[in-house]
Amino acid sequence: MSLEDITNNIQVCTKCSLSKSRTLAVPGDGPVDAELMFVGEGPGAKEDTQGKPFVGSAGTYLNTLLGLIGIKREEVFIVNIVKCRPPGNRAPSWDERNACLPHLQKQIQCINPHLICTLGNTALETLTGEKSISRIHGSLLRKENNQFFPMYHPAAALHNPALRVILESDMHKLKNTLDKFESPSYFSEINNTTLDPFLH
Ligand code: URA
């Protein structure tokens with residue numbers, strides 16, 4: 001399925017009740033050949049009215065974080081676990097996440113990024129089953145054929161200077177990890193390692 005078909009399906013999706021309260025679905029944004037994908041939790045109020053991910057204050061900070069390591073927002077693919085805004089910005093329920101997950105799985109399959117950076121606990125737990133972001137943030141995690149790099153959510157750091165220090169340091173670790181992928185032997189080496197199951 002093409003990225004355009006996936007996007008069109010998301011825009012008219014009615015698989016869960018979040019579709020009833022949304023203004024616009026937020027399929028995601030970025031080039032189909034992006035090597036780096038960011039996965040957030042779900043659209044907020046601004047995203048809901050614009051149909052684009054991370055266009056509010058968390059998005060502005062994400063742009064700043066990308067700038068720290070010389071990456072432009074237009075170079076990365078940005079998505080969320082759920083594509084429609086949970087009312088009042090609550091965390092999406094497991095039913096809502098599971099209803100929406102096939103869209104994200106198709107996006108991942110189509111874009112095939114080198115690295116999936118999960119932002120916050122919801123994305124981490126939904127995609128990897130890991131619960132403890134405080135233990136594994138800033139490190140590489142391999143699950144089946146995907147490589148994850150868990151980070152704190154930029155919104156959590158907006159009013160927490162200590163978390164901002166951690167996020168900014170993790171961003172440099174992310175850059176080092178991406179640089180390692182440039183090594184021609186990297187992907188043939190990891191193909192020989194045993195990988196854990198993806199999704200639960
Ligand atoms: N927070 C998210 O997790 N996603 C967005 O798109 C915006 C804020």
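Both ligands and their constituent atoms are indexed starting at 1 by order of listing. Sequence positions, counted from 1, serve as the residue numbers for this chain.
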Check step by step if side-chain hydrogen bond (donor to acceptor under 3.5 Å, both in side chains) holds for Arg164 and Asn160.
-> CA-CA 6 Å; Arg164 275 211 297 281; Asn160 184 337; over 6 Å; no
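- Aromatic pair His153/Phe54: ring centres closer than 6.0 Å.
- Contacts of ligand 1 (protein heavy-atom distance under 4.0 Å) are Gly40, Glu41, Gly42, Glu47, Pro53, Phe54, Asn80, His153.
- Once rounded to the nearest 0.5 Å, the distance linking CD1 of Ile10 with NZ of Lys15 reads 9.5 Å.
- Counting heavy atoms from C-beta on, the side chains of Asp95 and Cys16 never come closer than 4.5 Å.
- Screening Ile81, Thr122, Asn146 for a side-chain contact (heavy atoms from CB on, under 4.5 Å) with Leu127, the sole residue that qualifies is Ile81.
- Atom OG of residue Ser134 and atom OH of residue Tyr152 lie 4.5 Å apart, to the nearest 0.5 angstrom.
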